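The chains referred to below are lettered A, B, ... by the order of the sequence lines, with proteins before strands, and numbering in each begins at 1. Values below: all heavy atoms of this structure, side chains included; hydrogens, waters and symmetry mates excluded. Here the structure is a predicted model, which means the values were calculated and not measured.
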2 protein chains.
Amino acid sequence: MVNNMTENDNQTEDKIFEAATRVFEEKGMDGARMQDIANKAGINKALLHYYFRTKDRLFDAVFQKVAGRMLMKFAPVFEKDLTLEEKIRFFFRQHITFMQENPRLPAFVLNEINRNPARIKKLLKNVDFKKIWMMLIEQHKDELDKYNITEESIPQIMTTIAAISVFPFAAKGILEGIFENLGVNFDAYIEQRKEFAADFVIGALKSRKK
Amino acid sequence: MVNNMTENDNQTEDKIFEAATRVFEEKGMDGARMQDIANKAGINKALLHYYFRTKDRLFDAVFQKVAGRMLMKFAPVFEKDLTLEEKIRFFFRQHITFMQENPRLPAFVLNEINRNPARIKKLLKNVDFKKIWMMLIEQHKDELDKYNITEESIPQIMTTIAAISVFPFAAKGILEGIFENLGVNFDAYIEQRKEFAADFVIGALKSRKK
DNA sequence: TATACATTTGACCATTTGGTTAAACTATAT
DNA sequence: ATATAGTTTAACCAAATGGTCAAATGTATA
């Protein structure tokens with residue numbers, strides 16, 4: 001074994017990181033236990049502190065990565081050269097599929113941000129929303145006009161799109177409880193939602209047509 | 001003082017309850033400290049355990065009440081004798097106004113339910129969703145037909161309405177961060193949302209018209 | 001092989017935390 | 001006044017928890 005050090009290094013760190021992600025996602029910052037993370041990573045608790053000095057730093061590393069991964073999913077939508085309708089359709093498919101694979105992520109991120117709003121600042125520092133905003137307005141000037149979308153209503157529409165996509169996962173616990181009552185299957189509901197959401201939003205926009 | 005016992009009893013219990021609500025809403029079950037609650041209630045920690053035996057029972061009492069209060073807000077919508085459009089408009093006004101007064105509630109309830117899904121069962125046990133569901137379908141039979149709403153799409157529409165209403169508060173931490181970047185004022189955005197949301201949903205429904 | 005350096009571990013520590021207990025305090029009824 | 005019962009407190013406890021440390025183990029280099 002020639003270059004074992006770096007590999008092994010990463011192996012252990014990755015094991016820790018993976019275990020920490022699982023535990024933090026499930027229990028949150030306050031509910032997570034370092035011992036639990038160590039156990040799930042199959043290592044000694046002291047080793048956690050060797051790689052990540054404190055629980056806070058470990059959490060920060062995990063949060064930064066998963067929250068970043070989630071926000072990233074919004075990016076390609078703005079870059080692709082598609083019509084507004086295509087973008088909306090593309091976004092819902094992409095984003096909901098991502099959350100199907102990471103169903104705990106939305107609730108986790110939302111919660112931890114509300115618990116400690118300072119964290120989000122670090123995340124958003126690298127994103128220039130103003131620029132994205134301007135690009136979007138410029139790129140879809142004609143469509144915004146066609147759909148009678150004022151600048152003031154853009155935040156409303158954007159957050160509505162995010163809401164429709166994220167909420168089912170953020171409220172998974174409640175919805176599953178209610179759906180059980182109604183004989184609705186959550187997974188099928190989610191699968192269906194990819195198209196429903198796009199239709200719904202596009203329909204709403206069309207109804208604004210001048 | 002004649003009947004001081006009961007009054008005093010309630011006074012202390014209420015003080016505890018109020019303080020506990022504040023602390024739990026802010027820090028969550030795991031992050032909350034009994035000592036902190038006691039301090040904020042202006043009493044001894046042992047007295048907490050005198051009124052509510054354990055942290056878990058205290059949390060349960062608080063959660064049951066606030067979560068119930070939140071779910072209750074959905075009820076009057078189903079009972080009132082209004083058209084579907086009127087109901088949608090009424091709901092958004094009512095519900096968003098309620099959350100303006102209790103901005104931490106949505107994130108708190110969503111989070112704790114995801115952290116401990118068993119809790120929701122106790123809450124929903126008393127609500128007969130099947131019955132509400134049937135009533136709704138019967139009451140708005142003609143409108144569902146007019147808007148081409150199949151039974152299958154009702155959960156989609158209902159959760160979409162809830163999403164549009166709740167999400168801005170559940171994601172308040174993030175949104176405020178982003179809005180700051182864009183020069184958007186959160187409170188104004190929320191005020192505006194009461195009407196926007198109704199217009200948006202009704203617009204989407206209208207676009208389904210046969 | 002000896003040296004230097006990173007990795008891993010078991011034992012340990014100080015603090016925090018939910019919870020208990022016995023005593024003190026208060027008000028009412030007799 | 002005194003007994004009774006509910007209320008409040010200070011002092012205390014055991015367990016859990018994040019974190020430390022010195023020793024041990026492994027690994028590459030000279």
Side-chain angles (χ1 to χ4, degrees), chain A residues 1-64 108 112 115-116 118-119, chain B residues 1-64 108 112 115-116 118-119:
Chain A
M1 286 179 263
V2 184
N3 191 5
N4 198 349
M5 197 192 79
T6 334
E7 273 183 37
N8 200 317
D9 189 354
N10 286 339
Q11 261 173 249
T12 305
E13 197 168 323
D14 288 355
K15 272 197 306 182
I16 293 175
F17 203 92
E18 197 194 334
T21 303
R22 260 166 59 207
V23 174
F24 279 132
E25 265 189 24
E26 193 179 335
K27 314 264 187 172
M29 166 65 171
D30 292 327
R33 297 291 159 241
M34 293 299 264
Q35 187 60 58
D36 189 16
I37 295 173
N39 292 150
K40 286 205 168 68
I43 54 152
N44 191 283
K45 191 176 58 142
L47 202 53
L48 282 185
H49 290 88
Y50 177 73
Y51 279 95
F52 305 83
R53 288 187 62 74
T54 65
K55 185 187 183 184
D56 217 67
R57 277 165 182 260
L58 176 54
F59 179 84
D60 237 54
V62 168
F63 183 79
Q64 207 74 8
F108 171 65
E112 295 300 339
R115 198 118 300 156
N116 185 352
R119 266 188 235 283
Chain B
M1 286 180 263
V2 185
N3 192 6
N4 197 350
M5 197 193 77
T6 334
E7 272 182 39
N8 200 316
D9 189 355
N10 286 340
Q11 260 172 248
T12 305
E13 196 168 324
D14 288 354
K15 271 196 307 181
I16 293 176
F17 203 92
E18 197 193 334
T21 303
R22 259 167 59 208
V23 174
F24 279 132
E25 266 189 23
E26 192 179 334
K27 314 264 187 171
M29 166 65 172
D30 292 327
R33 298 288 158 245
M34 294 297 266
Q35 187 60 58
D36 188 17
I37 294 173
N39 292 149
K40 286 204 166 70
I43 55 152
N44 190 284
K45 190 177 58 142
L47 203 52
L48 283 185
H49 291 88
Y50 177 74
Y51 279 96
F52 305 83
R53 289 187 61 74
T54 64
K55 185 187 182 183
D56 217 68
R57 278 166 182 262
L58 176 54
F59 179 84
D60 237 55
V62 169
F63 184 79
Q64 209 73 10
F108 170 65
E112 296 299 341
R115 198 118 301 156
N116 186 352
R119 265 188 236 282

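Atom CD in B:Q11 sits roughly 12 Å away from atom P in D:dT7 (whole-Å rounding). If you measure from atom CG of B:L48 to atom C1' of C:dT17, you get 13 Å, rounded to the nearest angstrom. Regarding A:K15, its NZ atom lies at a distance of 12 Å from the C1' atom of C:dT7, rounded to whole Å. Separating the CG atom of B:L47 from the P atom of C:dG18 is a distance of 16 Å, rounded to the nearest angstrom. The distance from atom NZ of A:K45 to atom P of C:dA11 is 13 Å, rounded to the nearest whole Å. Protein atom CZ of B:R53 is 10 Å distant from nucleotide atom P of C:dG19, rounded to whole Å.
Taking each heavy atom of B:L48 and B:I16 in turn, the nearest pair found is CD2-CG2, 3.3 Å.
By the side chain to side chain contact (heavy atoms under 4.5 Å, CB included) test, A:R53 pairs with A:R57, sequence neighbours left out. In terms of the side-chain hydrogen bond (donor to acceptor under 3.5 Å, both in side chains) criterion, B:N116 has no residue partners (sequence neighbours excluded). Under the salt bridge (Lys or Arg N to Asp or Glu O under 4.0 Å) criterion, A:R115 pairs with no residue, sequence neighbours left out. A search for ring-ring contact (aromatic ring centres under 6.0 Å, His included) contacts involving B:F17 returns nothing, not counting sequence neighbours.
Which of C:dG18, D:dG19, C:dT8 sits closest to the side chain of A:K55 comes down to D:dG19. Residue B:Y50 has its side chain nearest to D:dG6 when only D:dG6, D:dC21, D:dG18 are considered. Distance from the side chain of B:H49 is smallest for C:dG19 among the nucleotides D:dG19, C:dG19, D:dT7. Taking only side-chain atoms of A:A46, from C-beta outward, the nucleotide of D:dT9, C:dT9, D:dG19 with the closest atom is C:dT9.
Residue pairs meeting the side-chain hydrogen bond (donor to acceptor under 3.5 Å, both in side chains) criterion with at least one partner in residues 16-36 of chain A, sequence neighbours excluded, are A:D36-A:K40.
Only A:A32, A:R33, A:M34, listed by number, bring a heavy atom of residues 16-44 of chain A to less than 4.0 angstrom from any atom of DNA chain D.
Aromatic pair B:F24/B:F59: centroids less than 6.0 angstrom apart.
The side chain of B:T12 places an N or O atom within less than 4.0 Å of a non-bridging phosphate oxygen (OP1 or OP2) of D:dT8.
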